[in-house]
Number of protein chains: 2
Amino acid sequence: MPFPETEIPGRLQALLAQRGIRMTDQRRAILSVIETANKHLDASQLLRKAQKLDPSVDRSTVYRTLGLLKRQGMIDELDLMHLNGEGHYYERKLGRDHIHMACLRCGKITEFVSERFESLKSQMEQECRFHILVARLEVGGYCTACRR
Amino acid sequence: MPFPETEIPGRLQALLAQRGIRMTDQRRAILSVIETANKHLDASQLLRKAQKLDPSVDRSTVYRTLGLLKRQGMIDELDLMHLNGEGHYYERKLGRDHIHMACLRCGKITEFVSERFESLKSQMEQECRFHILVARLEVGGYCTACRR
DNA sequence: ATCGTTGTTGCGACTGAGTTGCAACACGAA
DNA sequence: TTCGTGTTGCAACTCAGTCGCAACAACGAT
Ligand SMILES: [Mn+2]
Ligand SMILES: [Mn+2]
Ligand SMILES: [Zn+2]
Ligand SMILES: [Zn+2]
């Protein structure tokens, strides 16, 4: 089963500069947290980690930066079946979309890349004449370990 | 392009009775609103419509009933790309899953049923050994009318 | 190197979704 | 009718996310 590729560090900062977007210490801290994260982070986790790099980072700056990155198509926003509360999760958007499977018992998140997903998106674009900018497939159920 | 089937009225109430779940006037009102809705409703819209049938319905009862219906697998919870605020949307769960496409410009929601989606879910269940209980595919982009 | 424009920030107050504890209530089986 | 237990309205609460504003800082122009 194929998995998504990993991140080249410093890439987000370069991309923003390339698009003429102003860089600040606070943004650098937040970008660095997103790029080095080894799991899906919500806004408050992101805030705490960013404040370790730059204590001046404020909650509102985190949300404003997430908004910027979403508009630029550099991150994806996830629900992960709202396993813990109502908040959202964020992750670096890489070349290929991937699917998220959330185990409703142990909370484990599994990622999955599939050619059939790409094929389905093509079908939607053609048959519905819809121009897809963001596609989010999230699944809830039981992982291998949790189903009896 | 195939569309999802429509609802048999009174079905939700019968299903709950069948499972030995207590029925109340408030629940009847909420179920009736869900079954007769012609679009995806959020919790506050659901509350207002239910109160027209039974003015005693409270906000917390709406959320408690939505929780019950989710646990019973009778409704699906949607984000619809959070087009208006942060709230969620709800709809009766029918035999076949369908995909939601949200136009980021005009807000139009398009529904779509695809055999490729079914095929993709089968692949996930087999290759990841994951038992799927709920699958949600939501797409944001531009509809036919809105893309130039 | 300095300046000035303009985008960005922290702060604090705010909104709005969703939750919870509790006492009153009502469903439905006996 | 009675009774146990599930459900409700209410009000107070939590928590995510937003917003207006004055201070500030990035960075291209000078
Ligand atoms: Mn959501
Ligand atoms: Mn739908
Ligand atoms: Zn599990
Ligand atoms: Zn449109």
Side-chain angles (χ1 to χ4, degrees), chain A residues 12-33 40-72 75 77-90, chain B residues 12-33 40-72 75 77-90:
Chain A
L12 280 177
Q13 193 178 326
L15 259 156
L16 287 175
Q18 192 177 308
R19 298 183 194 183
I21 290 163
R22 213 172 270 191
M23 190 48 49
T24 64
D25 290 347
Q26 294 87 341
R27 281 187 181 166
R28 255 183 290 273
I30 295 165
L31 298 181
S32 154
V33 171
H40 306 94
L41 300 174
D42 65 24
S44 66
Q45 293 171 317
L46 210 47
L47 172 63
R48 254 180 292 117
K49 283 175 184 282
Q51 282 177 334
K52 284 183 184 161
L53 301 177
D54 178 346
S56 80
V57 177
D58 186 74
R59 192 161 36 92
S60 59
T61 300
V62 169
Y63 284 112
R64 288 191 272 235
T65 304
L66 287 172
L68 171 68
L69 296 173
K70 271 193 278 180
R71 279 194 307 280
Q72 297 292 325
I75 56 169
E77 189 179 46
L78 310 170
D79 268 30
L80 302 183
M81 302 319 281
H82 289 297
L83 276 173
N84 296 311
E86 292 294 319
H88 291 123
Y89 296 85
Y90 301 91
Chain B
L12 281 177
Q13 193 178 325
L15 259 158
L16 288 174
Q18 193 178 305
R19 297 185 194 182
I21 290 163
R22 213 173 270 191
M23 190 49 49
T24 65
D25 290 346
Q26 294 88 342
R27 282 188 181 165
R28 255 183 291 272
I30 295 165
L31 297 182
S32 155
V33 171
H40 306 93
L41 300 174
D42 64 24
S44 65
Q45 294 171 315
L46 208 47
L47 172 63
R48 256 181 287 117
K49 282 175 185 283
Q51 283 178 333
K52 284 183 185 162
L53 302 177
D54 179 346
S56 81
V57 177
D58 186 74
R59 195 169 77 261
S60 59
T61 300
V62 169
Y63 285 111
R64 289 192 270 234
T65 303
L66 288 172
L68 171 68
L69 295 172
K70 271 192 277 179
R71 278 193 308 277
Q72 296 293 326
I75 57 169
E77 189 178 47
L78 310 171
D79 268 29
L80 302 182
M81 303 319 280
H82 290 296
L83 276 174
N84 297 308
E86 291 295 319
H88 290 123
Y89 297 86
Y90 301 90

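Numbers restart at 1 for each chain; the letters A, B, ... are given by sequence-line order, proteins then strands.
dA16(D) atom P lies 11 Å from atom CG of Leu47(A), rounded to whole Å. Put simply, CD on Gln13(B) is 12 Å from P on dC27(C), counting in whole angstrom units. Following rounding to the nearest Å, Leu66(B) (CG) and dT7(D) (P) show an atom-to-atom distance of 15 Å. Taking atom CD1 of Ile21(B) as the reference point, atom P of dA29(C) lies 13 Å away to the nearest angstrom. For the pair Met23(A) CE and dA26(D) P, the interatomic distance rounds to 11 Å; values are reported in whole Å. Protein atom CZ of Arg19(B) is 20 Å distant from nucleotide atom C1' of dC27(C), rounded to whole Å. Nucleotide dA16(D) holds its C1' atom 16 Å from the CG atom of Leu41(A), rounded to whole Å. Separating the CG atom of Leu16(A) from the P atom of dG7(C) is a distance of 16 Å, rounded to the nearest angstrom.
Note that CZ of Arg48(B) and CD of Gln51(B) are 9.0 Å apart. Values are rounded to the nearest 0.5 Å.
Taking 4.5 Å as the limit, every side-chain heavy atom of Asn84(A) sits out of range of all side-chain heavy atoms of Asp42(A). Side-chain contact between Thr65(A) and Leu46(A): absent, with no pair of heavy atoms (C-beta onward) separated by less than 4.5 Å. Here the side chains of Ser56(A) and Asp25(A) are not in contact, with every heavy-atom distance at 4.5 Å or above.
When only modelled atom types and interatomic distance are considered, His88(A) and Asp79(A) share a side-chain donor-acceptor pair under 3.5 Å. In this model, a donor atom of one side chain and an acceptor atom of the other lie less than 3.5 Å apart for Glu77(A) and Tyr90(A).
With hydrogens and angles ignored, the 3.5 Å screen pairs a side-chain donor or acceptor of Arg27(A) with a backbone N or O of Arg22(A).
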Report each atom pair, protein N/O against N/O of nucleotides 18-22 of chain C, whose distance is under 3.5 angstrom.
unit_1: dG18(C); atom_1: OP1; unit_2: His88(B); atom_2: ND1; d: 3.4
unit_1: dG18(C); atom_1: OP2; unit_2: Tyr63(B); atom_2: OH; d: 2.9
unit_1: dG18(C); atom_1: O6; unit_2: Arg59(B); atom_2: NH2; d: 3.1

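The phosphate of dT8(C) has OP1 or OP2 within less than 4.0 Å of a side-chain N or O from Arg27(A). Contact between the side-chain N/O atoms of Thr24(A) and the OP1/OP2 oxygens of dT9(C) is found at a separation under 4.0 Å.
Where Arg22(B) and Asp54(B) each meet DNA chain D at their nearest nucleotide, the meeting point lying more 5' is that of Arg22(B).
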